[in-house]
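Each remark here refers to the structure printed beneath this line.
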Amino acid sequence: VNDRSTAVSPSSAADPRLPLVQFVERPGIIDLGWGHPDPALLPVEQLRLAADRVLAQYGADALNYGHAAGPGPFREWVAERLAAIDARGPEPASIVASAGNSQALDQVVSLLASPGDIVLVEDPTYHLAVRILRDHPVELVPIPADERGLDTDVLGDTLDSLRRAGRRVRLLYTVPTFHNPTGVSLAPERRHALVRLASRDGFTIIEDDAYRELSYDGPAPRSLWSIAPDGLVVRLVSFAKSLAPGLRVGAIVADAPFARRVADSGVLDSGGGISHFASLVVAECGRSGIYGTNVERLCGAYRDRRDALVASLKRVLGPAASFIQPAGGYFVWVTLRGIDARALLATAEALGTSFVPGEVFHLAQGSMTSLRLAFSRYAPAALAEAAERLGHAAESTRV
Ligand SMILES: Cc1ncc(COP(=O)(O)O)c(C=O)c1O
């Protein structure tokens, strides 16, 4: 999730050390461009204990090639956890361990798409998922999204015209819950409409469910996977946001035949289960209660950060902008009035704050007046200060 890859150089020429992490510190800048957790919120000591217990319990089996679908204790715990946080849970046989949603998306597209297939993508969307999709010889077609998520009426029309043109739609990639970059969740009736269209036209929905656990105003909406017939949705679950991204652990949740297909793939046959040791550590965190406590702690901290940023934005931006208050996830999506986001970025950086301009998240020509702010990495006081700086920047950029 090198969110700044399109905005800044990932390595600093002035630093003689080889980099350890993605994040690039820019002194004096409160950088709301990064969709990263605050290092202070990563459970270092708890993970050290969990890793120790895994080695004590499983010994060499924790360090050997793992079962292709992921270690049993991990798949069993994921099944239980998903049943607890969604309308229905999968069987362990429908779950395959992944190295997080980036790797899982790449693998699922490799297995399901043929050259020339159409992959539908909501617009705006997570820009780095677009990079992953573009590593494959598929054609991407944008479907617009609004404040209620993917526009399923436009989707229906697009499917009709593609069908008339004899084109095959194979996949649709979507982040229906606490979207990156907009923070929006797909409205319930649109969730059902999307599932109906996928069922009618025979394409697979890839549901990127990276943010479900980070829900601040009540339970997250039901997943698409939970409301769809078996085989229609491949859901990508990640522990990057709810535990730690450096673990590289997630899960692909589908139906049992597709899970078997993933586990039978060459890469898992050769290398064994992905992130074997780290997924045992995640399962240990789950069983011991570390995971649940951590999610509660994160939701409390991120809720405070969201509230601090939203309150400050209301105060400093006034009529210069509108924004969507997210009910979960990492991001606030701002729409400016009469201000170009690129021009604002230059002024904001000079005043000591930064963000990602919205056009980065559009597949084609995007809006020049939107921007994404991540509230995950900074404490409330720093977010309030960043908003102040943004407000000053907006005042001096307004035309
Ligand atoms: C929507 C979305 N999908 C996937 C990812 C990356 O997931 P992972 O860290 O599990 O590879 C991110 C991270 O920002 C994201 O926002």
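If you read the sequence from its start, that first residue is 1, and numbering goes on from there. The figures here come from the full heavy-atom set of this structure, side chains too, leaving out hydrogens, waters and symmetry mates. Counting convention: from 1, in listed order, for ligands and their atoms alike.
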Next on the checklist: Using a 6.0 Å distance limit plus a 45 degree cone around the ring axis, check whether Arg377 lies over the aromatic ring of Phe23.
Outcome noted: yes
Given Leu194 and Leu186, is the side-chain contact (heavy atoms from CB on, under 4.5 Å) satisfied, shown in steps? CA-CA 10 Å; Leu194 173 55; Leu186 186 61; 4.1 Å; yes
Requested in this report: Please check if the side chain of Arg297 supplies one atom and the backbone of Leu41 the other of a donor-acceptor pair under 3.5 Å.
Outcome: yes
Within the 4.0 Å heavy-atom cut-off, what Pro245 brings close to ligand 1 is neither
Quick look: Asn180 vs ligand 1, heavy-atom contacts under 4.0 Å, and the answer is side chain
Nearest non-hydrogen contact to atom 9 (O) of ligand 1 from the set His127, Lys241, Arg248 belongs to Arg248
Separation between CZ (Arg235) and CG (Asp86), nearest 0.5 Å, reads 4.5 Å
With heavy atoms and a 4.0 Å threshold, my read on which part of Tyr211 contacts ligand 1 is side chain
Numbered in order shown, the ligand 1 atoms found under 4.0 Å of a heavy atom of Ser238 are 8 (P), 10 (O)
Item checked: Criterion side-chain contact (heavy atoms from CB on, under 4.5 Å) on Glu76 and Ile95, from CA distance to verdict -> CA-CA 9 Å; Glu76 279 163 14; Ile95 298 171; over 6 Å; no
Per-atom filter on ligand 1: closer than 4.0 angstrom to a heavy atom of Ala240 are 9 (O), 10 (O)
